[in-house]
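Structure first, commentary second.
Given the structure is predicted, the values throughout are model-derived calculations rather than measurements. Letters A, B, ... mirror the listed sequences (proteins, then strands); counts begin at 1.
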Amino acid sequence: MNVTARDQEGNDKWEVQLRKGCLELAILAALWDGRLYGLEILRRLESDSDLVISEGTVYPLLSRLKSLGFLESEWVESDGGHPRKYYCLTPAGKRRAQEMVGIWSKFSSSMGRLLRPLTKGK
Amino acid sequence: MALAQLEKIESYLGKLRARLRGVGSEEVKDIIEELRSHILEKSTVNGQLGARDVDATIAGLGNPEDLASEYMTDAALARAEVSHSPIQILASLFRWASLSVAGFFVLIGSLVGYFLGAAFILPAVLKPVHPQSAGLWSSNDSSGDLKLSLRLGFGNAPASGHDVLGWWIVPIGQVVGFGLVMLTTRFAIWCVRLYRKSRRRREHNHLIRTETT
């Protein structure tokens, strides 16, 4: 493997890790305005944040967030003939989202200060 | 055509259901129903179930083994990783063991470790209650060979036996016993960390593949 290919792979890994780290907050944020079902959450993440995450990652995570008490769910019949499982935030989920947003804002503003010299002239 | 696609979906969900051992039946029903609904909705274009769409959606979910382990072990193993309670660790290991051979061997190793730890601790604790018969005893069996046994002190002391440690069993039994429990806990947590790290690596590669396709 040459140096450029290795650098590219390193960048890919870093970006994937970064996206994965944001996934829990992204799901809680997607549900902030109201209930959504799995596929809607995936589409919301894709359209609003460029977070293209596989279904195999999102559904188990939704299940984990529910078991931790951050989400609750209900089945609703759809026009398509198959029921949909809608998720919404519990009060604990809302608190968790706000805590995470606080940490995110602090982190992103301090990183912004650190990165300012690198972005000058771009 | 649509029938073949429905069969493909049911076959995938059947494999997943078979691997969700140890999860409550209501939860399994919920997971399967949710994923069926997802596959059907995502694969239906203009009211038609497309063969390629079904394949792509199933591929996006990943193979049934990985998906089941994602549902089953993550929360349980995450709890084990931060826990120092043997009961919590064993509960998580039972779940892991139901999924993989590696988990089974770690569970067996941990059970042996905890059992040996308890075998030393109990005689140490029971010595003051049964001073005549609890402790580490040596005796000759019927073929004349020397036999060592840790006795809890219930029943009579062996007729031709000798209490090897006497009251020393109290400190020695506790140090060795609690040492074994601690080592077993560390071993189990180390295995869980190693396993979760390798799973994260696999998941990461899966994500990279998904993003590039």
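Of all residues spanning residues 31-43 of chain B, those with a heavy atom less than 4.5 Å away from chain A's heavy atoms are B:E33, B:E34, B:L35, B:S37, B:H38, B:L40, B:E41, B:K42, arranged by number.
Atom CG of B:D30 is separated from atom NZ of A:K85 by 3.5 Å, given to the nearest 0.5 angstrom. Separation of atoms OG (A:S63) and CD (B:E27) is listed at 5.5 Å; rounding is to 0.5 Å. In this structure, A:T57 OG1 and B:E70 CD are separated by 6.0 Å, a value rounded to the nearest 0.5 Å. From A:Y59, atom OH reaches atom CG of B:L61 across 7.5 Å, with rounding to the nearest 0.5 Å.
B:T44 does not touch chain A: none of its heavy atoms, backbone or side chain, sits under 4.5 Å away. A:L42 touches chain B through its side chain: at least one heavy atom from C-beta onward sits under 4.5 Å away, while N, CA, C and O do not.
Heavy atoms of other residues, nucleotides or ligands lying less than 6.0 angstrom from CH2 of A:W75 number more than 12. Counted within 6.0 Å of NZ on B:K8, heavy atoms from surrounding residues, nucleotides or ligands total more than 12; the atom is thus considered enclosed. Around atom CD of B:Q48, no more than 12 heavy atoms belonging to other residues, nucleotides or ligands sit under 6.0 Å away. For CH2 of B:W167, the number of neighbouring non-hydrogen atoms (other residues, nucleotides, ligands) closer than 6.0 Å is greater than 12. Counted within 6.0 Å of CD1 on B:I87, heavy atoms from surrounding residues, nucleotides or ligands total 12 or fewer; the atom is thus considered open. Around atom CZ of B:F104, no more than 12 heavy atoms belonging to other residues, nucleotides or ligands sit under 6.0 Å away. Environment of CH2 in B:W190: sparse, with no more than 12 heavy atoms of neighbouring residues, nucleotides or ligands closer than 6.0 Å.
Residues B:L67 and A:P60 approach most closely at CD1-CG, 3.8 Å, considering heavy atoms. Contact between A:S54 and B:G60 at its shortest, heavy atoms only, is CB-O, 3.6 Å.
Taking A:Y37 as the reference, A:Y86 meet the ring pair (Phe, Tyr, Trp, His ring centres under 6.0 Å) condition, with sequence neighbours excluded.
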